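Take a look at the structure set out below.
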Amino acid sequence: MAKYEAPDFFDLDSLLTEEERMVRDAVRDWVSDRFMPVVEKAYSEGYFPKDLIPELAELGVLGGNLDYADFPRLGPVAYGLVMQELERGDSGLRSFVSVQGALVMFPIWRYGSDEQKARWLPALHSGEAVGCFGLTEPDHGSDPGGMETKAVRDGDGFVLNGAKMWITNGNMAQVAVVWAKLDGVIHGFVVPTDAPGFTVREQRGKHSLRASVTSELIFQDVRLPASAILPGAKGLGGPLSCLNQARYGIAWGVVGAAMAVYDEVRQYGLTRIQFGKPIASFQLYQAKLVESLTEITKAQLMNLRMGRLKEAGGVTPYHVSMAKRNACHHALEIARTGRDMLGANGVAGEYQTMRHMCNLESVKTYEGTHDIHTLILGRQITGLDAFGAA
Ligand code: TGC
Ligand code: FAD
């Protein structure tokens, strides 16, 4: 495989701090040296390379942005760059880190008791424990407010019943952050996956995110102590605030996947000869490269601005929705076009473009589909709610 040359057409590198560049370069090198050699086998055989978790922990990327104990406290831009570099490797790798940090550690850190924080945050940061986040249900995806999973009071504690589906990291997790209705209001519960009555089933047969574990969670009379509830979260705003964190990372991440595709296709075009010339010398090939690089550059600029706003405390969920929606749409289009530009080699596992393309189909769907982010932004722009419109 040719050495990766990351596209940076507008010299955004010069707008980064030295620390941000160092963090980015450390993760970029780790992905090249440690992840790229194993990703194709993991993807084709359908497993997450768990043995690399201690190395990810060593890089400080598991919840590394949280202000807790001796965590490295990565700033928003450094965190975004980490996501970009991880997803340059594979969306499944970024998903693992996103879920662990933004969807499991973040709610415990933001809404948890001191006891929950002490029990789980250090273990999740060091990779000794893996977490998963259960919001989606078989009958409630885009509309999580309709969830049927229910907790009822039982003495001092609770009893949990219901099911979650499409849950990243499920079968690898020791702990699940589960969202359920208690007296009709959504609350979060920190549930050890070995609790009696808790069953986890892997969802096999995906044609996307194959190097990521996806599972169904089933709760049948799972008894929980009073200390299992997240004391600070009440209502749908609880899980949605976690999604703001994860969607922020996805906006950066998918640009990494698009950068990997662009680099592969550009290098291929320079060496693949047809009609006696490199195919990159043909105008149609160049036009596709130009479109791809332009969209990558626009998304990189949007992400950097979003990161600086986040640093200053000025980012809103609407900025995040626009960045996630835009970056996923264009990354997927770039990957689809890139697959075509590689000809027959575009379907071979030796090249990474089709793997990214298949992954991005999921990334466009999860954490709010393209349509749902359109409706979120449409409501913000007009003040009119089109979610339930006929
Ligand atoms: P709506 O009326 O808009 O809001 C209900 C309450 O929530 C508050 N809220 C937010 N709070 C924080 N951040 C946000 N982004 C928020 N959006 C809304 C809102 O203020 C309100 O609060 P209150 O106090 O007034 O009750 O809700 P709605 O029922 O109209 O629903 C719309 C909504 C927002 C749920 C929908 O647009 C949506 O986002 N659906 C998408 C669901 C989704 O993204 N699921 C993701 C599951 S996790 C996942 O996919 C992980 S993949 C990870 C990986 O592998 O990387
Ligand atoms: P649906 O909500 O059924 O939507 C189907 C289609 O209808 C979409 O095109 C959608 O845009 C459209 N649609 C829905 N509502 C409207 C509307 N009002 N107007 C117009 N169009 C609409 N969830 C978790 O909780 N935790 C996880 O860790 C997790 N990991 C995932 C990993 C993978 C690989 C995948 C694929 C999904 C994961 N999810 C997870 C679930 C994901 O968040 C949901 O799939 C997503 O929110 C969409 O829900 P749905 O699949 O039920 O689609």
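Source: prediction; values computed, not measured. For ligands, and for the atoms within them, numbers begin at 1 and follow the listed sequence.
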Could any protein non-hydrogen atom be found less than 4.0 Å from [atom]?
atom: atom 33 (C) of ligand 1; answer: no
atom: atom 5 (C) of ligand 2; answer: no
atom: atom 24 (O) of ligand 1; answer: no
atom: atom 20 (O) of ligand 1; answer: no
atom: atom 13 (N) of ligand 2; answer: no

Discussion item. What I want to know is whether Thr168 and ligand 1 share at least one N or O pair that is separated by under 3.5 angstrom.
Written reply: yes
Worksheet item: Do ligand 1 and Ser98 have nitrogen or oxygen atoms that lie under 3.5 Å from each other?
Response: no
Identity and separation of the nearest protein heavy atom to [atom]:
atom: atom 53 (C) of ligand 1; answer: Glu367 OE2, 3.5 Å
atom: atom 39 (N) of ligand 2; answer: Trp166 O, 3.2 Å
atom: atom 46 (C) of ligand 2; answer: Thr365 O, 3.6 Å
atom: atom 52 (S) of ligand 1; answer: Tyr366 CG, 3.5 Å
atom: atom 30 (O) of ligand 1; answer: Arg379 NH1, 3.4 Å
atom: atom 25 (O) of ligand 2; answer: Thr136 N, 2.8 Å
atom: atom 49 (O) of ligand 2; answer: Gly141 CA, 3.3 Å
atom: atom 8 (C) of ligand 1; answer: Gly237 CA, 4.0 Å
atom: atom 47 (C) of ligand 1; answer: Thr136 OG1, 3.6 Å
atom: atom 2 (O) of ligand 2; answer: Ser142 OG, 2.6 Å
atom: atom 31 (O) of ligand 1; answer: Leu236 CD2, 4.4 Å
atom: atom 36 (C) of ligand 2; answer: Ser362 OG, 3.9 Å
atom: atom 38 (C) of ligand 1; answer: Ile372 CG2, 3.6 Å
atom: atom 4 (O) of ligand 1; answer: Leu240 CD1, 4.3 Å

Discussion item. Counting only heavy atoms closer than 4.0 Å, does ligand 1 sit against the backbone of Phe133, its side chain, both, or neither?
Written reply: side chain
Test item: [X] side-chain N/O and [Y] main-chain N/O as donor-acceptor pair under 3.5 Å:
X: Ser215; Y: Glu202; value: no
X: Asp154; Y: Val159; value: no
X: His125; Y: Ala57; value: no
X: Ser98; Y: Ala246; value: no
X: Gln267; Y: Lys3; value: yes
X: Glu264; Y: Tyr351; value: no
X: Arg21; Y: Asp13; value: yes
X: Lys206; Y: Ser212; value: yes
X: Glu295; Y: Glu333; value: no
X: Asn169; Y: Gly131; value: yes

Consider every N or O of [X] and every N or O of ligand 2, then say whether any pair is closer than 3.5 Å.
X: Lys206; answer: no
X: Gly134; answer: no
X: Asp371; answer: yes
X: His140; answer: no
X: Thr369; answer: yes
X: Leu135; answer: yes

Worksheet item: Mind checking whether Leu103 has a heavy atom under 4.0 Å from ligand 1?
Response: yes
Worksheet item: Within less than 4.0 angstrom of ligand 1, does Gly141 place any heavy atom?
Response: yes
Given [options], which one has a non-hydrogen atom that is nearest to [atom]?
atom: atom 44 (O) of ligand 1; options: Lys234, Arg247, Gln100, Gln245; value: Arg247
atom: atom 46 (C) of ligand 1; options: Leu243, Asp143, Leu209; value: Leu243
atom: atom 13 (N) of ligand 1; options: Thr365, Asn244, Thr369; value: Asn244
atom: atom 36 (C) of ligand 1; options: Pro317, Cys242, Ser142; value: Ser142

Interfacing atoms of ligand 1 (cut-off 4.0 Å, heavy-atom, [X]):
X: Ile376; answer: 37 (O), 39 (O)
X: Val99; answer: 53 (C), 54 (C), 55 (O)
X: Gly368; answer: 41 (C), 43 (C), 44 (O)
X: Arg94; answer: 56 (O)

Fill in: Basic-acidic side-chain contact under 4.0 Å: Glu19, Arg24
no
Worksheet item: Would you call Arg266 and Glu5 a salt bridge, taking side-chain N to carboxylate O under 4.0 Å as the test?
Response: yes
Worksheet item: Centre of Phe158's six-membered ring, under 6.0 Å away, within 45 degrees of the axis: is that where NZ or CZ of Arg223 sits?
Response: no
Worksheet entry | Lys NZ or Arg CZ of Lys324 over Tyr248 ring: under 6.0 Å, within 45° | no
Any idea which part of [X] is under 4.0 Å from ligand 2, heavy-atom wise: side chain, backbone, both or neither?
X: Asp143; result: neither
X: His370; result: neither
X: Leu209; result: side chain

Item to complete: Flag the pair Phe71 / Tyr68 as yes when their ring centroid distance falls below 6.0 Å, and as no otherwise.
Response: yes
Item to complete: Let me see the working for Arg153 and Asp183 under salt bridge (charged side-chain N to carboxylate O under 4.0 Å, His left out), right down to the final yes or no.
Response: CA-CA 9 Å; Arg153 289 179 209 283; Asp183 301 328; 3.0 Å; yes
